[in-house]
2 protein chains.
Amino acid sequence: MSSHINQEPIFSPAQVGRAGEDIALQIEAAILDGKIPPGERLPSERDLQAQFHTGRGVIREALGALKQKGLIEIKKGAKGGAVVKNLEMHLVSESLALFLKQQHVTPDYLIEVRESLDRTITTLAIARATPEEKEALVAGAQALVQALGNPEPDMVAVFEMDRQLNLLLARMTRNPVFEWIMRALQSGLGSYDHSLYNHPDYRERTAFNWLQTAKGIHRREPLQALSFIGYHYVMLRACLARESMDSQGPAGDFPRPPLEIPPAGLPDSPVHNDS
Amino acid sequence: MSSHINQEPIFSPAQVGRAGEDIALQIEAAILDGKIPPGERLPSERDLQAQFHTGRGVIREALGALKQKGLIEIKKGAKGGAVVKNLEMHLVSESLALFLKQQHVTPDYLIEVRESLDRTITTLAIARATPEEKEALVAGAQALVQALGNPEPDMVAVFEMDRQLNLLLARMTRNPVFEWIMRALQSGLGSYDHSLYNHPDYRERTAFNWLQTAKGIHRREPLQALSFIGYHYVMLRACLARESMDSQGPAGDFPRPPLEIPPAGLPDSPVHNDS
DNA sequence: GTCGGGTATTGGTAGTACCATTCTGTTGGA
DNA sequence: TCCAACAGAATGGTACTACCAATACCCGAC
């Protein structure tokens with residue numbers, strides 16, 4: 001049953017001292033070169049042990065490293081073993097999240113990056129997305145507004161709708177790299193973004209602002225869309241600032257947050273609808 | 001010699017079936033909670049084996065995972081062992097870079113993202129970097145120009161200088177997330193960027209353009225700096241287009257590249273020097 | 001005081017044995 | 001004929017032992 005990799009010995013015995021890493025690198029290279037396509041099974045640990053002329057512990061260590069990187073998936077039992085799988089985004093995100101945790105990165109940093117990315121993404125989306133996608137974006141934003149109109153909104157669903165809207169927007173750039181970075185940042189930002197929907201003061205304005213952004217994109221009005229994007233981040237920063245004050249100073253009836261928030265209810269009609 | 005973690009048993013025996021992961025998670029949590037600060041040594045593998053009531057192989061697997069994540073560093077010999085270290089950014093970036101590699105992203109996508117990122121980074125760097133950093137950037141660009149003035153330039157050194165300039169610029173934003181993304185994209189872009197220095201036609205212009213960019217940042221002239229950034233990517237795209245034509249069509253004396261490149265030798269004096 | 005070797009500690013590798021899980025094929029009954 | 005239950009094989013997971021290799025430290029000879 002060692003005929004999965006039968007063309008010729010892809011792998012060669014490892015050097016001493018770093019056998020585990022060496023083997024992991026060889027297998028990783030074979031995977032990235034496409035010699036072992038996703039879905040294919042690697043030989044069993046005992047077969048690899050024989051191929052590499054090493055102990056099974058070393059093989060397990062190497063496979064463990066690849067599993068950690070997300071390159072393979074290991075299943076037990078007969079017909080189990082290591083299967084090459086497509087890298088999933090969430091692993092990349094996890095790696096970033098780990099880094100952000102240990103470095104104690106404040107939300108400011110993430111918000112800044114996301115705002116700049118959002119601006120580029122919006123511009124590209126206007127230029128490249130199909131009318132159907134733009135309409136889907138507007139429809140999604142309208143659904144978000146509607147969901148928040150409910151006096152007892154399902155917040156989990158709302159968060160997911162927001163997330164999907166962001167990803168759709170990123171996808172509209174026709175550049176997958178934007179979507180990947182966006183996903184990674186989203187998992188890092190996560191809860192911060194949610195706080196915007198948790199405050200009743202910001203909730204409706206945020207959703208309505210999303211709708212305006214979508215409409216701006218649909219009308220192919222970059223400057224308008226960018227204005228709404230900016231307003232989103234103005235609100236997000238103010239919301240987080242208020243939250244941190246709430247948690248530190250004596251909660252209750254302190255003055256309004258330092259950053260003055262424009263009044264709610266941006267008119268829908270003033271922006272001319274005939275494009 | 002098990003007194004490094006002597007307050008109380010931080011760790012508890014692991015459940016069966018996923019002992020390795022379980023142990024890795026426990027240690028990781030202890031590290032991220034700050035119970036084991038960076039620089040501290042973990043108990044030896046044999047001590048951990050006793051604490052967790054498990055085999056040494058499992059311990060090695062767990063430590064290997066943490067090492068893979070970059071949370072610890074393992075040294076051999078007496079007084080060796082696993083020491084907690086600060087997460088290095090390049091490891092985190094590697095995660096995204098690995099993903100980009102497996103997805104076979106074309107250079108177009110990466111270039112687009114990098115250009116938009118470069119523009120934001122440049123703007124922020126002008127606003128936030130110290131004068132010393134800006135001078136260092138100019139000095140680095142000058143060194144690059146000088147290195148390429150040599151008829152037989154050390155290309156490896158040139159690539160590294162270019163890389164370092166990019167990272168310095170990203171660091172000047174005071175936002176580590178930009179540096180993270182930059183590093184990830186760099187390791188993905190890598191060789192594409194190098195082609196700019198490999199073509200004699202573009203080599204000097206690229207370095208000179210770097211110098212102009214750095215000077216624009218130093219003079220706090222965002223629009224000028226952005227113009228030079230744009231020119232860099234104009235050249236990069238043209239260079240890659242020519243390369244792909246070279247490799248496909250009959251190489252030799254075909255017409256000039258489709259995208260007309262402005263003449264070399266942008267004047268240094270015309271931009272006013274008195275800021 | 002300095003150099004050198006011995007020794008203890010610790011990670012790295014090899015190998016074996018056994019357990020747990022999963023699939024597969026066979027067998028026996030309805 | 002069909003289906004369910006069981007036995008067996010393949011494979012990863014764990015445990016344990018032994019030994020090798022590198023490193024730091026100590027101690028004695030010079």
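Letters A, B, ... are given to chains in the order of the sequence lines, protein chains preceding strands, and every chain is numbered from 1. Values below: every heavy atom of this structure, side chains too, minus hydrogens, waters and symmetry copies.
- Salt bridge annotation for B:Glu28-B:Lys69: present, with a cationic side-chain nitrogen under 4.0 angstrom from a carboxylate oxygen.
- For B:Ala78, the side-chain atoms get nearest to D:dT23 when compared with the rest of D:dG12, D:dT23, C:dT10.
- Listed by first and then second residue, the ring-ring contact (aromatic ring centres under 6.0 Å, His included) pairs that reach into residues 134-167 of chain B are B:Phe159-B:His194, sequence neighbours excluded.
- Within the 4.5 Å cutoff, the side chain of B:Arg183 has heavy atoms near those of the B:Arg163 side chain.
- Looking at heavy atoms from C-beta onward, B:Met182 lies in side-chain contact with B:Arg114 at the 4.5 angstrom threshold.
- The nucleotide whose nearest atom lies closest to any side-chain atom of B:Ile74 is, among C:dG11, D:dT11, D:dT14, C:dG11.
- The distance from atom CD of B:Glu61 to atom P of D:dA15 is 11 Å, rounded to the nearest whole Å.
- A:Met172 is not listed as a side-chain neighbour of A:Leu124, based on a closest heavy-atom distance of 4.5 Å or more.
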Short N/O separations, protein against nucleotides 14-18 of chain C, under 3.5 angstrom:
unit_1, atom_1, unit_2, atom_2, d
C:dA14, OP2, A:Thr54, OG1, 2.1
C:dA14, OP2, A:Gly55, N, 3.0

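- Per the geometry, CZ belonging to B:Arg60 stands 15 Å off P belonging to D:dT14, to the nearest Å.
- For A:Lys79, the listed nucleotide lying nearest its side chain is C:dC23; candidates were C:dC23, C:dG12, D:dG13.
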Show me the donor-acceptor pairs, under 3.5 Å and distance only, between side chains in residues 134-150 of chain B and residues at least two apart or in other chains.
unit_1, atom_1, unit_2, atom_2, d
B:Lys134, NZ, B:Ile126, O, 2.9
B:Asn150, OD1, B:Glu152, N, 2.8

